[in-house]
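Single-structure report; data block below.
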Amino acid sequence: MSESGEVSEFGYIMELLARGKVTIKNIERELICPACKELFTHPLILPCQHSICHKCVKELLLMLDDSFNDVGSDNSNQSSPRLRLPSPSVDKIDRISRPGWKRNSLTPRTTTFPCPGCEHDVDLGERGINGLFRNFTLETIVERYRQAARAATAIMCDLCKPPPQESTKSCMDCSASYCNECFKIYHPWGTVKAQHEYVGPTTNFRPKILMCPEHETERINMYCELCRRPVCHLCKLGGNHSNHRVTTMSSAYKTLKEKLSKDIDYLIGKESQVKSQISELNLLMKETECNGERAKEDAIIHFEKLFEILEDRKSSVLKAIDASKKLRLDKFQTQMEEYQGLLENNGLVGYAQEVLKETDQSCFVQTAKQLHVRIQKATESLKSFRPAAQTSFEDYVVNTSKQTELLGELSFFSSGVDVPEINEEQSKVYNNALINWHHPEKDKADSYVLEYRKINRDEEMLSWNEIEVSGTSKVISDLESNCNYAFRVRAYKGSICSPCSRELILHTPPAPVFSFLFDEKCGYNNEHLLLNLKRDRVESRAGFNLLLAAERIQVGYYTSLDYIIGDVGITKGKHFWAFRVEPYSYLVKAGVASSDKLQEWLRSPRDAVSPRYEQDSGHDSGSEDACVDSSQPFTLVTIGMKKVFIPKSPTSSNEPENRVLPMPTSIGVFLDYDKGKVAFYDMDHMKCLYERQVDCSHTMYPAFALMGSGGIQLEESITAKYLEYQENM
């Protein structure tokens, strides 16, 4: 970036500061080192693209070295206590940085340490700190920020005789500041110094040319897209970036500046939206606080009601116990009084003896009858002693086990309707979205409400769309292509509503679904292939005919592929289709091919299936490498043995382990006819597995080929009939 461009950028930032668009506090947050929490000093760019002060990097490395040494000493002497390590002194760091200094015990041997910004481990490699770039742009912004923060502090001229005058400009070539008079003296007109680059007063002098840290005499003139760092031409020719994709520095500068400017404009343009969202968040916080207090009050009321019920039950239980106790005590009192009378038996016996002395029979009978009753009663009491009441109150023990269990499970209010759960395995999106859910107690819900909305970060939060459903599944149509949608469902029982289920995120296909069936006429080999009546499924029969054909291998021929194509061609627009490959399939090829290429294949199938003939055959052949960058009228990927084989690409790793992927349940194909691009997708996650250019100068057809046992099933469109079929199944 030129100095004039930086000045204009800085002027733009200061203009935003003046307008209040960007606060000084926010800018300062970006200019503070995550390690020392101070403004950056000679910041270095780590491999993770975060910046850190030069001194802080050395401190971190030295501290890690010292900690490793302490661990070794602890292992040798377990009784020695661990001490908190102080930060290395400035003298210690200066000795390491001193030119000509040789490696000794103070050298930071460790090259891996956690980045203070992202906490991910970064490896500095063999060159260590010397392999890091100095972030001159950030350093310049920090210096200008310092100048803006201390506007009252002037930078004085370095060449004036005492007392020095205030400087008006600084020379980047001389690394000095000058007043007007001194600048004219030391930069006379017509000399080489008159051509020096000068800026406003500054104390930050950086080199005019950025040099490569690995090849110190070479200028930086390229940008590695894989490593995302500037490199020189020697790095590309024979260095660590020889196999990486690089671009010119001007192209990288233009691209990155456009992206950064666009993002800045977007953030500034969304200022009103951010303010409205902040206001909305403030309202939500206040509402949450009010609702929380209201919920606490409601909870207190409910607990007070429970306390009242417990107090009432306590009072009634205690009254019942007191009444029973009083009744029993009364009975005991009566019985005790009766037995107190037994103590008077001696007088009764004496009275009876006197009655026995009566000789008059009539008088004796009249007196003895009543006396005999009293004697008999006293005799019975002495024979069998029984308390008049029980002392145990076992019948009055309060059983609170059930209530204790219920109180232990006391929770927040439940509507009485269980939360439905979306079945992620049975829910999918193709031409439409099919959402399935299950309910723990299905009979309790009268109906369901399915809600969905598009997730779009470029727009305001979209509202939920609601659909009332009587069953437990629903087909949703009219969804936009290549978008994320969130789905959730809740159950209703009368007017009572359950909480919403957990959200399910589905990504729609990148283009409208292209409908076709297998063509039973063009190139269809009914000896090897079996097509069902609906023409949406084909199987390869590895029978007697294939064994006979295999004899040709002895004379240099290859067993042929059996091709089958779609019955509808494509001449424009974007299209997407999907299919499933049976797990037992030995070899299946799928993709797109032009009409003229198909004619060539179907006329001479034996030659067309040579592994060296076809780029995407999955073999490491010379022809594949030769034409990997060229645009051709077909693209097929190989699928078999539960694997997907990605063709070689100049922009990605060509190691076998990176090109062989597990076979997804369903594979999608996206063709952009107008741009000449074809891509293959993992339908389970709607993730692009492979993309390349294709020549679309002729009509393009969905193309498939099978060898050995195998089967291909076209993905069925999701419709209301499809839903009825699924429910019947």
Side-chain angles (χ1 to χ4, degrees), residues 428-434 454-456 458-459 475-485 506-523 534-536 538 563-580 589-602 615-616 629-637 647 649 664 666-705 712-719 722:
K428 63 178 183 177
V429 62
Y430 190 43
N431 60 317
N432 296 317
L434 171 64
K454 185 175 70 171
I455 302 175
N456 192 346
D458 295 333
E459 300 178 7
V475 173
I476 302 176
S477 57
D478 300 329
L479 300 180
E480 296 183 21
S481 301
N482 199 24
C483 291
N484 283 319
Y485 280 87
L506 294 177
H507 190 91
T508 56
V513 171
F514 179 63
S515 298
F516 67 91
L517 299 173
F518 289 120
D519 195 333
E520 59 182 349
K521 299 178 181 179
C522 182
K534 294 174 63 177
R535 293 195 292 125
D536 63 349
V538 63
Y563 286 89
I564 189 168
I565 65 173
D567 59 354
V568 182
I570 299 172
T571 57
K572 63 178 180 179
K574 299 179 181 179
H575 304 276
F576 183 85
W577 62 91
F579 59 92
R580 298 193 302 272
K589 285 179 172 291
V592 295
S594 64
S595 55
D596 60 334
K597 193 65 181 179
L598 289 170
Q599 291 176 5
E600 178 184 340
W601 284 345
L602 299 176
Q615 168 195 343
D616 296 323
D629 290 329
S630 61
S631 178
Q632 52 191 15
F634 71 96
T635 294
L636 300 174
V637 296
S649 171
S666 182
I667 300 173
V669 182
F670 167 54
L671 176 64
D672 189 341
Y673 186 93
D674 300 331
K675 293 184 178 180
K677 282 188 177 182
V678 63
F680 297 85
Y681 281 77
D682 176 359
M683 285 289 291
D684 296 337
H685 307 93
M686 202 57 70
K687 176 184 177 183
C688 182
L689 302 176
Y690 173 64
E691 182 182 33
R692 67 158 296 147
Q693 294 292 128
V694 64
D695 183 6
C696 294
S697 56
H698 296 81
T699 303
M700 305 298 292
Y701 288 87
F704 305 87
I712 302 174
Q713 172 71 55
L714 297 180
E715 195 70 42
E716 185 177 357
S717 298
I718 300 175
T719 61
Y722 178 90

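Side chains are part of it too, since the values below use all heavy atoms of this structure and drop only hydrogens, waters and symmetry mates. All values reported here derive from a predicted model rather than from experimental measurement.
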Exercise. Mind running side-chain contact (heavy atoms from CB on, under 4.5 Å) on Leu506 and Lys428 for me, showing each step along the way?
Key: CA-CA 7 Å; Leu506 294 177; Lys428 63 178 183 177; 5.8 Å; no
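- Take Gln713 and apply the side chain to side chain donor-acceptor pair (under 3.5 Å) test, not counting sequence neighbours, and it matches Asp536.
- Ring planes of Phe704 and Phe579: perpendicular class, angle over 60° (limits at 30 and 60°).
- Separating the CD1 atom in Ile570 from the OG atom in Ser594 is a distance of 12.5 Å, to the nearest 0.5 Å.
- Considering only residues two or more places apart in sequence or on other chains, His698 meets the side chain to side chain donor-acceptor pair (under 3.5 Å) condition with none of them.
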Quiz item: Stepwise, does the side-chain contact (heavy atoms from CB on, under 4.5 Å) test hold for Gln693 with Lys677?
Solution: CA-CA 5 Å; Gln693 294 292 128; Lys677 282 188 177 182; 3.1 Å; yes
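- For the pair Asn482/Phe576, no side-chain contact is recorded, criterion being any heavy-atom separation below 4.5 Å from C-beta on.
- Here the shortest heavy-atom pairing between Met683 and Tyr430 reads CE-CD1, 3.9 Å.
- Partners of Asp674 by side chain to side chain contact (heavy atoms under 4.5 Å, CB included), not counting sequence neighbours, listed by chain and number: Lys572, Asp672.
- Taking both residues in full, the closest heavy atoms of Thr508 and Val429 are given as CG2-CG2, 3.9 Å, listed atom of the first, atom of the second, then distance.
- For Ser697, the side chain to side chain donor-acceptor pair (under 3.5 Å) test picks out Asp695, with sequence neighbours left out.
- Across every non-hydrogen atom of Tyr701 and Gly566, the tightest pair is CD2-O, 3.6 Å.
- For Asp682, the side chain to side chain donor-acceptor pair (under 3.5 Å) criterion is met by His685, not counting sequence neighbours.
- Side chain of Tyr485 to main chain of Glu480: a donor-acceptor pair is present (N/O by atom type, distance under 3.5 Å, no hydrogens or angles).
- Taking Ala703 as the reference, Ile565, Ala593, Leu598, Leu636 meet the side chain to side chain contact (heavy atoms under 4.5 Å, CB included) condition, with sequence neighbours excluded.
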Show me the donor-acceptor pairs, under 3.5 Å and distance only, between side chains in residues 509-517 and residues at least two apart or in other chains.
none

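- By the 4.5 Å heavy-atom criterion applied to side chains, Tyr690 and Thr635 are counted as neighbours.
- Side-chain atoms of Asn484 never come within 3.5 Å of backbone atoms of Ile455 as a donor-acceptor pair (strictly under, hydrogens ignored).
- Residues forming a ring pair (Phe, Tyr, Trp, His ring centres under 6.0 Å) with Phe670 (at least two apart in sequence, or on another chain): none.
- The shortest heavy-atom contact between Leu671 and Cys696 is CD1-SG, 4.2 Å.
- Once rounded to the nearest 0.5 Å, the distance linking CD1 of Ile667 with CD of Glu715 reads 11.0 Å.
- Residues satisfying the salt bridge (charged side-chain N to carboxylate O under 4.0 Å, His left out) criterion with Asp567, sequence neighbours excluded, are Arg535.
- Checked by atom type and distance alone, the side chain of Ser477 never pairs as donor or acceptor with a backbone atom of Asn432 at under 3.5 Å.
- The NE2 atom of His507 sits 9.0 Å away from the OG atom of Ser481 when rounded to the nearest 0.5 Å.
- Contacts of Tyr673 classified as ring pair (Phe, Tyr, Trp, His ring centres under 6.0 Å), with partners at least two apart in sequence or in another chain: none.
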